Amino acid sequence: MANLLIFGAGGHGKVVSEIALLSNYWRNIAFLDDRDDLKEVLNISIIGKLNDYNYFKQNFQYAFVAIGNNKLRLKWIELLSKEGFIMVTLIHPYSSISKSSNIGEGTVVMAGSVINADTRIGRGCIINTSSSIDHDCILKDGVHISPGVNLGGTVTIDECSWAGIGSSVINNIIIGSNVVLAAGAVVIKNIPDNVMAAGVPAIIKKGSE
Ligand SMILES: CC(=O)SCCNC(=O)CCNC(=O)[C@H](O)C(C)(C)COP(=O)(O)OP(=O)(O)OC[C@H]1O[C@@H](n2cnc3c(N)ncnc32)[C@H](O)[C@@H]1OP(=O)(O)O
């Protein structure tokens, strides 16, 4: 048994901690968070600020970054890996994950999610509640798939993009990096980097092609 340090005790951190607890693997779980007004969340202690990680290295070999902002999450994962923490992958037991798929370190897969054959998911991704990622998809590092998102087969999503709640992407689509898909968007054409797309069918609302 080992100890797990979770970086970030907000709403996302809460859900992450409950997934970690379900595995019965961890002897001790604690949070680091920058809020001053909180001492514990769901009976799990907040033992310091994010930048205090050095004090806890000896007791906590394993870490998970539960920060919602995609770029910030990846930055912390990179830093903590360099500092010698082992970044864990957390999988909810009520998710369905193909044996032929691959999931990167520092990624969480939440309850009710389905990941199908030959899909590749990078580091530090969030596969949120009840989302489905079909066969042969590629999700690069730092992607967030919000609750209720459905991706068809062979969809590629580049680094740090965020698919908003309930959005859908038809098969064989390529979505660039740092893209925001608004809640409920239905994507039927490729989307370039650095834009926000919304609507049914989705059109670019911010940024340009
Ligand atoms: C467990 C969890 O909670 S995980 C988190 C789940 N949360 C989400 O998924 C939230 C998703 N967020 C959204 O959809 C938001 O509307 C955002 C992020 C897209 C808003 O982005 P912003 O850049 O702030 O866009 P802004 O609000 O300025 O709107 C820009 C335009 O897009 C439109 N727009 C924004 N969101 C949507 C939407 N979901 N559907 C259709 N149009 C939309 C606006 O009406 C506006 O249109 P207009 O220019 O024609 O007036």
Side-chain angles (χ1 to χ4, degrees), residues 6-22 31 33 35 38 41-42 44 64-77 89-97 103-104 106-115 121-134 137 139-152 155 157-170 173-209:
I6 300 177
F7 286 66
H12 180 50
K14 249 186 219 181
V15 180
V16 161
S17 71
E18 286 198 331
I19 294 172
L21 281 167
L22 285 171
F31 286 114
D33 195 276
R35 283 178 62 175
L38 276 180
V41 165
L42 299 180
I44 298 175
F64 190 89
V65 181
I67 295 174
N69 180 290
N70 292 340
K71 284 192 172 163
L72 205 55
R73 187 170 64 255
L74 279 190
K75 214 175 113 189
W76 273 100
I77 288 174
T89 304
L90 294 173
I91 310 278
H92 196 288
Y94 296 145
S95 58
S96 165
I97 298 183
I103 299 174
T107 287
V108 59
V109 180
M110 294 190 174
S113 295
V114 178
I115 295 173
I121 295 176
R123 292 178 102 200
C125 293
I126 303 171
I127 310 302
N128 226 315
T129 315
S130 295
S131 55
S132 70
I133 302 175
D134 227 290
C137 288
L139 272 54
K140 302 278 180 69
D141 297 348
V143 166
H144 179 184
I145 301 297
S146 293
V149 168
N150 297 123
L151 304 185
V155 168
I157 304 186
D158 213 338
E159 222 171 272
C160 289
S161 287
W162 174 30
I165 194 161
S167 58
S168 307
V169 181
I170 67 166
I173 290 290
I174 298 174
I175 292 174
S177 58
N178 306 310
V179 166
V180 175
L181 295 183
V186 176
V187 178
I188 60 168
K189 284 183 185 165
N190 293 348
I191 308 267
D193 298 343
N194 304 314
V195 300
M196 189 276 267
V200 182
I203 56 166
I204 292 170
K205 288 279 194 177
K206 285 187 175 177
S208 55
E209 283 189 73

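Please read all numbers here as calculations on a predicted model, not as lab measurements. Numbering of ligands and ligand atoms starts at 1, following listing order. Side chains included, hydrogens not; waters and symmetry mates left out as well; all remaining heavy atoms used.
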(message) Once ring-ring contact (aromatic ring centres under 6.0 Å, His included) is applied, do any residues pair with Phe31, and if so which ones, sequence neighbours excluded?
(response)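 Expected list: none.
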(request) Name all residues meeting the ring-ring contact (aromatic ring centres under 6.0 Å, His included) criterion together with His92; count only those two or more places apart in sequence or in a different chain, and write none if there are none. (result)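 ring-ring contact (aromatic ring centres under 6.0 Å, His included) check on His92 returns Tyr94.
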Between ligand 1 and the protein, which N/O pairs fall short of 3.5 Å?
residue: ligand 1; atom: 9 (O); partner: Ile165; partner atom: N; Å: 2.6
residue: ligand 1; atom: 14 (O); partner: Ala183; partner atom: N; Å: 2.8
residue: ligand 1; atom: 23 (O); partner: Lys206; partner atom: NZ; Å: 2.9
residue: ligand 1; atom: 28 (O); partner: Lys206; partner atom: NZ; Å: 2.9
residue: ligand 1; atom: 39 (N); partner: Ala183; partner atom: N; Å: 3.4
residue: ligand 1; atom: 39 (N); partner: Ala183; partner atom: O; Å: 2.8
residue: ligand 1; atom: 50 (O); partner: Lys205; partner atom: NZ; Å: 3.1

(message) Suppose we screen for salt bridge (charged side-chain N to carboxylate O under 4.0 Å, His left out). Which residues come up paired with Asp158, at least two apart in sequence or across chains?
(response)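 Salt bridge (charged side-chain N to carboxylate O under 4.0 Å, His left out) list for Asp158, sorted by chain: Lys140.
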(request) Determine the minimum heavy-atom distance between Asn194 and Val179, stating which atoms define it. (result)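 Asn194 and Val179 have their closest heavy atoms at N-CG2, 4.1 Å.
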(request) Calculate, to the nearest 0.5 Å, the distance between atoms OG1 and CZ belonging to Thr107 and Phe64 respectively. (result)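 Spacing of OG1 (Thr107) from CZ (Phe64) equals 7.0 Å.
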(request) State, yes or no, whether a side-chain contact exists between Ile157 and Ser177 at a heavy-atom distance under 4.5 Å. (result)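 Contact flag for Ile157/Ser177 side chains = no.
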